[in-house]
Structure formats: structure tokens, C-alpha cells
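Notes follow once the structure below has been shown.
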Amino acid sequence: MAHQSLSQAVTNAVAQAIQLAVVDGELPTSVLDVPVDIKRPSQNVAGDYATTFCLQAAKTSGLSTSVIFEALLPYLEQTGFFTSAAFAQPGFINFELSPAAIDTYASYALHDNAPTMVEDPHTYNVEYVSVNPNGPITVAAARGAVIGDVLSRVLKTVGHDVTREYYVNDGVNSEQMRLFGKSVKHHAWTALEIPSSMPANGYQGAYVEAIAKAMVSKYGKDFLLEQDVAFFQSTAQAMMIAQQKSELAGFGVEFDVWSHEQELYESGKDIATLAKMKESGALVEKEGALWLNSSAFGDQENRVVLRSDGRPTYVAGDIAYHWDKYQRGHDRLIDLLGPDHHGYIPRLKAGVAAVGEDPDTLFVLIFQAVRFIKDGEAVLMRKRDGNLYTLSDLTEELAIELGSAQAAKDVVRFFYLYMSANKHVDFDLSLAVKQAAENPCFYAQYAHARCCSVLTKAGEPEPGAQWALLSTAQEKTLLFKCLELPAEITRVAEDYGVHRLAHYAVDTAKLYHAFYEHCKVILPDNPKLSNARKALVLLVKQTLASVLGILGVSAPETM
RNA sequence: GCCCCGGUAGCUCAGUGGAUAGAGCAGCGGCCUUCUAAGCCGUUUGUCGGAGGUUCGAGUCCUCUCCGGGGCGCCA
């Protein structure tokens with residue numbers, strides 16, 4: 001069971017002071033509705049924590065900020081949490097924490113710096129990657145892979161139930177997959193030196209040839225000659241899925257459930273879903289087809305779910321899939337999609353509503369494009385043309401450059417996680433390799449290695465460290481930074497902005513490196529201070545290991 | 001035409017309506033006989049794309065606009 005974090009405790013102390021002031025009639029009751037925000041003050045301001053409460057309360061109460069502060073001050077002092085609370089224009093209060101408060105919460109953090117569990121845990125389903133089973137994992141898909149992976153871990157950390165899911169678009173009647181099957185067959189025929197022609201817009205590229213050749217050596221000419229396109233389609237598809245699974249696993253990305261589109265069709269769930277949607281009045285008939293009322297959800301126009309020839313569309317199957325996820329007990333669905341799918345959101349929301357679920361429980365997160373730069377120019381990645389830049393290409397190149405597969409994986413994950421999902425990324429291999437050596441990933445990892453080294457030399461701290469002895473700016477800033485980790489994780493679990501954790505790691509490392517240069521830990525003449533610093537180093541080490549762990553990046557003990 | 005994302009330091013990017021907008025990298029100048037120099041310290045750099053508006057207060061919210069990227073199928 002995690003203890004209350006320091007920032008929560010400060011918030012509670014201030015809130016309590018406000019309540020008491022209201023009870024005594026010193027402040028109007030209206031201020032109780034003002035949210036209490038607690039932040040670290042900006043760099044050049046003295047104080048451990050700050051609040052803008054007076055500024056907010058002035059708005060609703062009509063009182064001046066200084067009057068509010070004067071009314072509140074005695075109650076703030078009563079809490080015993082602060083050694084000082086100072087007013088600063090235009091209406092900030094800057095607090096200095098009491099040594100007892102620092103001791104208490106730093107000790108809690110050293111024991112367990114985990115976030116508090118959410119009060120209303122959800123049963124999340126996080127669906128990510130889900131690329132068609134007709135190609136390898138590209139650098140574009142890899143972005144969604146790490147984001148989904150880390151997001152899942154964050155949600156679990158704060159107490160949600162999380163299922164990580166991959167949706168395999170393996171519909172046997174899919175035009176794309178049939179074309180893929182035909183293309184593989186053509187390449188197999190070519191490998192067997194049998195005259196054959198490439199289907200129009202067929203799949204090219206070395207990986208398609210590799211699949212065809214693998215089939216040839218596995219099944220032999222005589223057997224293959226008797227097979228139809230369906231065989232090539234299903235076999236090549238199975239090989240691609242296996243390859244994707246292994247590429248992702250090598251990248252530290254795993255799934256609990258692999259769902260198959262074709263199974264939905266075979267069990268008739270798409271038909272059942274159409275019936276359900278029709279029953280709820282969400283479908284309209286026009287030109288012989290059934291249309292979903294997605295325009296009511298911001299779509300430009302309604303979308304066909306049942307074609308005039310009686311075949312359900314892909315959307316019908318996808319809505320069936322989402323309904324299925326709800327029926328399996330998930331009350332929150334997250335879809336992590338690429339930017340080319342943003343126009344698809346209203347359709348999904350409309351579909352979810354049409355089967356009787358709350359569209360606000362479906363969260364479609366869009367991560368922006370990863371462009372592939374070749375000879376200085378942006379090139380569209382197209383599987384069909386074989387113009388791919390795969391995750392394996394990237395990690396293998398980096399592994400050679402860095403001399404370590406682990407380092408390559410760490411750097412790529414960190415690179416993706418360091419910027420927010422709605423930032424475009426240009427991926428130039430030569431640049432990526434160059435940037436790898438300068439990646440903030442190493443900066444953060446190095447801080448962890450340094451912590452380990454110090455603790456090895458200095459020994460572990462004795463229990464009962466006196467944290468208040470940490471009095472320099474470097475020590476206090478570093479300590480408070482570590483104590484912020486739980487709040488940081490909690491926030492990410494609420495707004496899904498995983499990039500903030502990578503920045504947190506770099507920021508913490510920055511503060512540790514500064515501390516390291518200014519504050520010796522091994523002090524034979526001052527055992528109490530030495531012990532407090534050892535405790536701080538241990539806390540930093542645990543904090544960095546914890547955040548790097550969530551990011552799926554290794555925390556090396558030596559570098 | 002409509003929709004989504006971006007535009008912040010030389011480069012890559014953070015920034016929850018609050019204080020003098022910050023990191024990493026690159027540049028320049030220093031620092032290894034003492035806990036890892038993949039480091040630290042100092043220093044240089046900003047019309048937060050532009051114009052209005054809301055607000056006590058705007059990089060952040062609203063409107064318009066410019067530039068870049070992506071999307072708009074009875075494909076999946």
C-alpha cells in the first residue's frame with residue numbers, strides 16, 4: 001500500500017487550512033469551490049512549494065489576494081506543515097516545509113515511491129499496433145507500439161486492470177490480403193522458375209520474396225503447384241504474424257490477446273452487430289445499402305455498413321469487434337491509431353453508441369506520422385511498393401553503431417517516448433544513428449549508473465536518515481523532484497501523455513548530475529550528513545529505475 | 001472545399017490560465033591526484049508563425065490568417 005505523496009499531503013494541508021478559515025467565518029464559503037493547486041515555485045523564487053489559491057479565490061470572492069492571504073495565514077501555521085508561508089505579488093503563497101514533514105514523506109518515498117491507487121479502477125482494453133498481416137513492423141508502427149506499451153504499464157501501475165490487445169486484420173475476403181496472397185504466389189512461381197505475372201499493384205519488396213522463398217523450401221514444388229491463392233494467402237499471413245510477433249517481442253512489446261477479424265465473421269458477430277444497430281435505429285437505408293448515422297457524431301457523411309450486395313463492410317466488423325471488447329467486460333477502450341485514421345473516429349464512436357455503449361468510454365488516441373527520409377527527401381512508406389523502413393532495419397543499424405542490441409532498443413524506445421504523440425517525426429537513418437549517440441536516453445541511464453557506483457563505494461544508508469540535513473539547493477531540488485514521481489505517473493494515467501515520463505527521467509538525471517558535482521556523499525567527518533545523502537542517492541536510484549522501467553528502457557548499473 | 005496535427009533558442013523538443021518561457025544537443029571558455037568527464041560550472045541565443053479578442057494575468061483559451069504534414073472509398 002502506497003503512502004500519501006508529499007504533493008498530495010501539501011494540497012491536503014492547504015485545503016484543510018482553507019476549510020477551517022471558512023468555518024471560523026474568516027473566508028466566504030465560495031472559496032471552498034476553488035481548486036487548490038500546488039506546484040513547485042519557479043526557479044528564482046525561494047520556497048519549497050507554491051499555490052495560486054489567492055489568485056483563484058480573489059476571482060470568486062471579490063476579495064483582494066492579500067486579504068485572503070492574511071485571513072488564511074494563521075490556519076496555515078496551525079497545520080504544522082510549514083515553517084513559513086510568504087505572500088508574493090500578484091497573489092502567490094510560497095511555502096517552506098517543516099523538517100518533520102520532509103522527513104516523513106521522504107522516508108515514505110524511500111520505502112515505496114509508487115503512486116496511490118486510483119479510487120475507481122477501470123477495466124481497460126488497450127489496442128495498439130494492429131497492422132495488417134501483410135508486412136513487417138515499420139518505424140511508423142513502432143511508434144504506436146511503444147506508446148501503447150508504456151501507456152498500458154502506467155495504467156496498471158495506478159491500479160487499473162489492463163488487457164493489451166492486437167487486432168489482426170485477417171479477413172479472408174479482404175481485397176488487400178487477397179492481393180498479398182496473389183503477390184506471394186507470383187514470387188513463389190518466380191522462385192520456381194515458372195512463368196507468372198505480377199498482379200496489378202501487387203506487393204513488391206524483399207520481404208515478400210523472402211516469404212515466397214521460405215514457402216518454397218518448406219512445402220516443395222510439387223505440393224505448391226496444387227495450391228490455390230487462398231493457401232498462399234493464409235500461409236503467408238501466418239508467417240507475417242509470427243514475424244511481427246517476434247519483432248515486437250524483441251522490442252519489448254507484448255500482448256495479452258490477439259484477436260482475429262476472421263473469427264468475428266465466422267461466429268456471425270458482424271451480422272449480430274448489424275441487427276443490434278438496426279434495432280437501435282442508428283442505421284438508415286439508402287440506395288440499397290445500410291448506412292450508419294456517423295454524421296451525428298461529427299462525421300462528414302454517413303458510412304455504409306452493409307453493402308447493397310449484402311456483404312458487411314470493414315466498419316461493421318470493427319464495430320462488432322469493439323462491442324465484443326465491451327462484452328468481455330472492459331469499461332474503457334483505448335485505440336492507438338496512426339494519423340491516417342483520424343477521420344475514422346466519428347464512425348467508431350457512432351458504432352459504439354449504436355450498440356448501446358457510451359461513446360465517451362472509447363478513447364481513440366492518434367499519434368502523428370513518422371516520415372521516412374531517403375536521400376534528404378521525404379518518401380511515403382508503402383508496403384505494396386516494398387518501400388519500407390522497418391523497426392528491424394533501425395534497431396540493427398543502431399546495434400552495430402552502438403555495439404549493443406540492448407542499447408539500440410533503449411535508444412529507439414526513448415527516442416519515440418521523448419516527444420509527445422502529436423508531434424510529427426522525420427526518420428532519417430543516418431540522422432537517427434547520429435542522434436542516437438547524443439540521445440538523452442544515455443544521459444538518464446548514466447545518472448542511474450552513477451547512483452549505483454556511489455552506493456557501492458559508500459554503502460547503503462542506515463535507517464533513520466535525517467532528510468532535513470539536506471540543505472543545499474541541489475539537494476532539495478533533487479529530493480522534491482523524486483517525490484513528484486507518483487503525481488507524475490498519476491497524471492499520465494489521466495491524460496495518457498506518456499512522453500512526460502521520459503522528460504521526467506532526463507530532468508531528474510540533470511538534477512542528480514548537478515548534485516553529484518556539488519555534494520560529496522562519502523564524508524568520514526560528517527556521518528549524519530553522509531547518511532542523509534546516501535539515502536537521497538538511493539532514492540534517486542530507485543526513482544530512475546522505476547521510471548525507466550515503466551518506459552521499458554534498461555537501467556544499467558555500470559556504463 | 002471539409003477535418004485532424006504541428007509552428008517556442010542554431011538543431012531536436014518540453015511547457016496543468018500564473019511569477020523573469022525551460023531542457024537535451026550543437027557553439028564558446030573553464031573543471032579529472034579524492035564517490036564513473038556518457039559528467040559539471042560559466043557563457044551566448046527567443047517578434048513563443050502573424051493579427052485581433054477574452055482575462056487581474058495568454059506560449060497556453062476564442063476568432064481570423066500564413067506556412068508545413070496528414071486524412072476525407074459500398075477499400076481495409
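A quick note: this is a predicted structure, and the numbers were derived from the prediction, not measured. In what follows, every chain begins at residue 1, and chains take the letters A, B, ... in the order their sequences are listed. Values below: every heavy atom of this structure, side chains too, minus hydrogens, waters and symmetry copies.
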Pairing check on [N]: which nucleotide meets the Watson-Crick or G-U wobble criteria with it, both distances under 3.5 Å?
| N | value |
| --- | --- |
| B/C61 | B/G53 |
| B/G68 | B/C5 |
| B/G39 | B/C31 |

Aromatic ring centroids of A/Tyr321 and A/Tyr167 under 6.0 Å?
yes

N-O pairing of [X] and [Y] below 4.0 Å:
| X | Y | result |
| --- | --- | --- |
| A/Arg307 | A/Asp309 | no |
| A/Lys534 | A/Glu460 | no |
| A/Asp495 | A/Arg500 | yes |
| A/Glu517 | A/Arg450 | yes |
| A/Glu127 | A/Lys325 | yes |

Using a heavy-atom cut-off of 4.0 Å across all strands, would you classify [X] as base, sugar-phosphate, or nothing?
| X | value |
| --- | --- |
| A/Ala50 | base |
| A/Ser42 | base |
| A/Cys451 | nothing |
| A/Ala369 | nothing |
| A/Glu557 | base |
| A/Tyr446 | base |
| A/Pro346 | nothing |
| A/Thr65 | nothing |
| A/Met559 | base |

Nearest-Å distance for atom pair [atom1]/[atom2], residues [X] and [N]:
| X | N | atom1 | atom2 | answer |
| --- | --- | --- | --- | --- |
| A/Tyr314 | B/C74 | OH | P | 16 Å |
| A/Asn302 | B/C74 | CG | P | 11 Å |
| A/Lys510 | B/G15 | NZ | P | 19 Å |
| A/Leu283 | B/C74 | CG | P | 15 Å |

Taking N and O atoms by type only, does the side chain of [X] place a donor or acceptor under 3.5 Å from a partner on the base of [N]?
| X | N | result |
| --- | --- | --- |
| A/Gln300 | B/C3 | no |
| A/His424 | B/C5 | yes |
| A/Lys59 | B/G57 | yes |
| A/Ser453 | B/C35 | no |
| A/Gln56 | B/G18 | yes |

In whole angstrom, give me the gap between the [atom1] atoms of [N] and [M].
| N | M | atom1 | result |
| --- | --- | --- | --- |
| B/C35 | B/U44 | P | 32 Å |
| B/G30 | B/C66 | C1' | 45 Å |
| B/U60 | B/G6 | P | 13 Å |
| B/C40 | B/A23 | P | 12 Å |
| B/U8 | B/G50 | P | 10 Å |
| B/A21 | B/G59 | C1' | 8 Å |
| B/C28 | B/G68 | C1' | 33 Å |

Ignoring hydrogens, what is the shortest heavy-atom contact between A/Asn132 and A/Gln244? Give both atom names and the distance.
O-NE2, 3.2 Å

Residue pair A/Arg371/A/Arg491 against RNA chain B: nearer the 5' end by closest nucleotide is A/Arg491

When the nearest nucleotide of RNA chain B is assigned to A/Asn94 and to A/Pro440 on a heavy-atom basis, which residue is associated with the more 5' position?
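Between the two, 5'-proximity favours A/Asn94.
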
Decide, for B/C32, between syn and anti: a glycosidic angle within 90° of 0 counts as syn, anything else as anti.
syn

Stacking between B/G18 and A/Phe92, yes or no? Criterion: centroid separation under 5.5 angstrom, plane angle under 30 degrees.
no

What nucleotide, of B/U16, B/U36, B/G7, holds the atom closest to the side chain of A/Lys39?
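Ranking B/U16, B/U36, B/G7 by closest atom to the A/Lys39 side chain puts B/U16 first.
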
